[in-house]
Protein chains: 2
Amino acid sequence: MQVPGKLKNYSEEPVTTLEMVAAEAGVSPSTVSRFLNGTAKVSEIKRRAIEVAIKKLSFVSNPIASGLAGGKSHSIGIITQVFGSPYYGQAMVGIEEILIAANYAPLFVSSHWREDFELGCINFLEGRRVDGIIILSACLPDEVLLERSIRTPMVVTSRMLSSERLHSFNFDNYTGAKMATEHLIGLGHTRIAFLKGISSHHDAIERFKGYRAALKAHNLPFDPKLCVQGQFMETGGEAATLKLLDSGSRFTAIFASNDQMAYGAALALYNRGLRVPDDISLVGFDDLLNSSFMIPPLTTVRHSIREIGKIAAVTMLKLIAGETHASDNPAPELVIRKSTRSCPI
Amino acid sequence: MQVPGKLKNYSEEPVTTLEMVAAEAGVSPSTVSRFLNGTAKVSEIKRRAIEVAIKKLSFVSNPIASGLAGGKSHSIGIITQVFGSPYYGQAMVGIEEILIAANYAPLFVSSHWREDFELGCINFLEGRRVDGIIILSACLPDEVLLERSIRTPMVVTSRMLSSERLHSFNFDNYTGAKMATEHLIGLGHTRIAFLKGISSHHDAIERFKGYRAALKAHNLPFDPKLCVQGQFMETGGEAATLKLLDSGSRFTAIFASNDQMAYGAALALYNRGLRVPDDISLVGFDDLLNSSFMIPPLTTVRHSIREIGKIAAVTMLKLIAGETHASDNPAPELVIRKSTRSCPI
DNA sequence: TTGAAAGCGTTACCAG
DNA sequence: CTGGTAACGCTTTCAA
């Protein structure tokens with residue numbers, strides 16, 4: 001196969017253009033375009049001819065060209081915190097599902113919980129002329145988000161701000177955490193340790209509030225020594241638990257404010273010869289895919305992060321379309337498995 | 001803020017174009033373009049002027065437009081099997097890292113281990129005019145891959161085919177599996193169950209071969225009843241282990257050919273009151289992030305899937321650049337943790 | 001080395 | 001409803 005120098009694509013096969021379809025169908029390019037986008041009514045006759053031509057030439061519209069001409073790329077950027085994450089990974093599944101179905105290309109990038117990276121991601125995506133940006137658990141301050149959304153519409157999770165060009169929503173972290181804590185209280189636990197998430201994180205703050213509210217509602221004292229920072233990561237949860245154990249404080253249960261920290265806690269407990277749930281009850285938050293395979297299976301709060309992803313994508317599509325229907329936040333649900341039992345003492 | 005009808009972008013702020021930069025710098029657009037792409041030498045004087053103009057106007061080249069004009073999108077598509085996966089997720093991390101640094105946009109899509117979806121993904125990406133496609137553990141038959149790569153260059157993992165337009169590579173599954181099995185044999189185990197992965201999967205086949213080779217090398221009999229299908233998933237591993245347990249076959253160790261199945265096996269064992277490693281030793285494959293947090297921490301074969309992702313991306317970039325340097329396959333390594341011990345009987 | 005001009009494949013505006 | 005004609009912002013001959 002010889003490759004003529006002129007060809008941009010390696011393959012010889014000429015790419016069918018809209019113009020060729022128009023010629024084949026005996027109409028103008030404008031009409032084909034209108035038919036493709038439903039921009040205006042096209043007579044039955046021509047519509048037929050166009051359809052036939054498209055099929056015959058197996059034409060596929062070039063999004064690059066239409067992006068240039070139409071001023072939009074039909075792609076939307078998604079800023080996630082980490083790619084490997086079991087948490088954000090699920091959100092991505094939901095987002096992809098919706099976007100692909102709507103024929104939008106998802107542009108996933110990650111910002112590693114760093115404000116500067118997040119800004120870099122926004123710049124990268126804007127450079128790519130995405131039609132909108134979805135940010136999962138944004139780090140950037142509200143003002144920056146609001147300001148940037150003027151250029152490119154945004155959907156942000158784990159926040160509660162909103163404007164003409166920025167929608168945000170969240171599930172109820174507070175209630176979820178309260179439910180988890182109350183489950184433990186209901187089992188007779190009174191000294192419940194709490195593993196905190198990233199302190200600047202909206203979700204982390206709400207979960208902490210829910211924990212304290214449950215304590216208060218049941219007239220249980222709040223002991224700051226029982227609350228340790230775990231950074232929402234497995235290693236953090238492990239270190240926090242070790243710290244707790246070494247502090248000498250008494251407790252019969254641990255509420256890790258996300259499942260990943262619960263995994264770490266379980267390992268720390270295991271390494272110290274403590275059994276879950278016999279010695280210590282353990283509750284997580286998120287219900288990651290792995291949690292039902294933890295040993296013992298983890299009691300946790302489910303809120304379908306995948307659903308969150310779908311809602312975010314749908315909201316983005318609506319925002320682009322100019323609709324402003326606010327979306328409902330999914331409700332959290334307690335999933336009781338084997339990591340909790342009645343207080344042994 | 002009033003929005004004039006003409007504006008494509010919501011924001012008022014005019015987007016700087018290459019033409020404006022040219023005007024500002026007092027040179028022609030062609031020169032600016034050449035400077036930007038290094039297509040031709042530009043005199044020191046003009047180069048300076050252009051740099052200043054770019055800075056002043058904070059110009060960012062429009063990839064959509066250059067894509068149209070240049071015939072390439074500066075984006076590359078990545079087909080992964082599942083988004084939420086702890087395995088492919090790591091590969092994505094590696095790919096993103098390389099691509100973003102090279103200023104290429106990664107277009108991640110997932111095909112759920114289905115040939116038809118994989119074909120759909122390729123079509124979607126081709127429609128987007130990506131400059132190349134990376135497929136992680138492709139499902140499609142070799143011929144199809146080879147044929148499609150004529151249009152768009154490809155890098156495929158878990159395969160061993162190659163052509164002018166298609167590079168593929170893999171780590172050594174066979175050796176990794178052999179190492180894992182021999183570790184068990186070294187501990188005195190003679191009846192080692194094997195959890196098989198997706199049977200059509202190249203990696204799965206190689207791992208199975210490695211297992212059998214180790215057995216043979218140590219004069220141990222191969223018992224087909226000890227080999228059960230687990231589909232590379234947690235649930236599959238659980239079901240397979242249950243089946244094994246119910247079959248009445250005797251075994252003192254399980255080699256799950258990926259970590260996810262090992263998680264399922266651990267759960268099945270736990271639910272049947274069997275302890276790891278006291279009653280049954282367990283070995284996995286992949287060394288997922290979670291494996292060091294499994295209880296007990298899982299002995300497994302590490303091969304850095306993230307590294308695989310980086311290699312795939314680098315290879316793709318080279319392929320596009322016209323270079324043909326084949327990349328090295330990373331070597332597998334046995335990570336011994338707490339899920340294995342000497343044979344109790 | 002540089003500029004002018006002709007696209008790249010669509011969409012959008014404007015008459016008809 | 002439809003066709004013609006400009007863009008869209010950049011790259012790439014082709015001359016100079």
Side-chain angles (χ1 to χ4, degrees), chain A residues 4-9 14-50 53-54 57-75 103 126-129 131, chain B residues 4-9 14-50 53-54 57-75 103 126-129 131:
Chain A
K6 290 221 54 161
L7 275 185
K8 304 270 178 73
N9 300 307
V15 178
T16 316
T17 70
L18 180 147
E19 207 174 335
M20 296 165 65
V21 172
E24 173 75 27
V27 301
S28 77
S30 324
T31 304
V32 178
S33 173
R34 282 190 278 255
F35 165 75
L36 253 28
N37 304 295
T39 317
K41 240 171 263 175
V42 175
S43 72
E44 196 53 34
I45 294 277
K46 309 212 167 189
R47 143 172 286 142
R48 279 254 179 291
I50 294 173
I54 288 180
L57 276 51
S58 65
F59 164 75
V60 182
S61 172
N62 182 337
I64 306 287
S66 66
L68 218 214
K72 50 190 141 288
S73 62
H74 238 70
S75 70
N103 202 34
E126 276 193 350
R128 285 273 155 187
R129 305 298 194 272
D131 298 336
Chain B
K6 289 220 57 161
L7 274 184
K8 303 271 177 71
N9 300 309
V15 179
T16 316
T17 68
L18 180 147
E19 206 174 337
M20 297 165 66
V21 173
E24 173 74 29
V27 301
S28 77
S30 328
T31 306
V32 179
S33 171
R34 284 189 276 254
F35 165 75
L36 254 27
N37 305 297
T39 318
K41 240 172 262 175
V42 175
S43 72
E44 197 53 34
I45 295 276
K46 311 214 166 191
R47 144 172 284 145
R48 279 253 180 290
I50 294 173
I54 287 180
L57 276 49
S58 66
F59 164 75
V60 183
S61 172
N62 181 336
I64 306 287
S66 65
L68 218 213
K72 51 189 136 290
S73 62
H74 238 68
S75 69
N103 202 32
E126 276 193 349
R128 285 272 155 188
R129 306 297 194 270
D131 297 336

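Chain identifiers are assigned alphabetically (A, B, ...) following the order of the sequence lines, protein sequences preceding nucleic acid strands; residue numbering begins at 1 within each chain.
With rounding to whole Å, Lys72(A) atom NZ is found 12 Å from dT10(C) atom C1'. Between the C1' atom of dG9(D) and the CE atom of Met20(B) lies a distance of 12 Å, rounded to the nearest Å. Atoms CG (Asn37(B)) and P (dT12(D)) sit 7 Å apart, rounded to a whole Å. As a whole-Å value, the separation of His74(B) NE2 from dC10(D) P is 14 Å. Taking atom CG of Leu36(A) as the reference point, atom C1' of dG9(C) lies 12 Å away to the nearest angstrom. Atom CD of Glu19(A) and atom C1' of dT5(D) are 13 Å apart (whole Å). For the pair Asn62(A) CG and dC8(D) C1', the computed distance is 13 Å after rounding to whole Å. In this structure, Leu18(A) places its CG atom 15 Å from P of dT2(D), rounding to the nearest Å.
Among the heavy atoms of the strands lying under 4.0 Å from Val42(B) are primed sugar atoms or P, OP1, OP2 only; no base atom is included. Counting any heavy atom pair closer than 4.0 Å across all strands shown, Phe35(B) reaches no nucleic acid atom.
The nearest pair of heavy atoms linking Pro63(A) to Ser66(A) is O-OG, 3.3 Å. Taking both residues in full, the closest heavy atoms of Ser73(B) and Ile64(A) are given as CB-CD1, 3.9 Å, listed atom of the first, atom of the second, then distance.
Between dT2(C), dT10(C), dT2(D), one nucleotide has an atom nearer to the side chain of Ser43(A) than all others, and that is dT2(D). Between dT11(C), dT11(D), dG3(D), one nucleotide has an atom nearer to the side chain of Ser33(A) than all others, and that is dT11(C). Between dT2(D), dT11(D), dG3(C), one nucleotide has an atom nearer to the side chain of Thr31(A) than all others, and that is dT2(D). For Arg34(B), the side-chain atoms get nearest to dT13(D) when compared with the rest of dT13(D), dT11(D), dT2(D). Across dC8(D), dT11(D), dG3(D), the shortest atom-to-atom separation from the side chain of Leu68(A) is found for dC8(D). Out of dT11(C), dT2(D), dC10(D), the shortest distance to the side chain of Ala40(A) is found at dT2(D). Distances were taken from every side-chain heavy atom of Ala69(B) (C-beta onward) to each of dG7(C), dG4(D), dT10(C); the shortest belongs to dG7(C).
Here Leu18(B) contributes atom CG and Leu57(B) contributes atom CG; the two are 11.0 Å apart, rounded to the nearest 0.5 Å. Atoms CZ and NZ, on Arg47(A) and Lys41(A) in that order, are 10.0 Å from each other to the nearest 0.5 Å. In this structure, Met20(B) CE and Ile54(B) CD1 are separated by 12.5 Å, a value rounded to the nearest 0.5 Å.
Residues Leu36(B) and Phe59(B) meet the side-chain proximity criterion, which asks for heavy atoms closer than 4.5 Å.
Judged by distance alone, with hydrogens and angles left aside, Ser30(A) brings a side-chain donor or acceptor within reach of the base of dG4(D), the pair sitting under 3.5 Å. Evaluation of atom-type donor-acceptor distances gives no pair under 3.5 Å for the side chain of Arg129(B) against the base of dG9(C).
Along DNA chain C, the nucleotide closest to Ala65(B) and the one closest to Lys46(B) are compared, and the more 5′ of them pairs with Lys46(B).
Contact annotation: Ser28(A) reaches the phosphate of dG3(D) (side-chain N/O to OP1 or OP2, under 4.0 Å).
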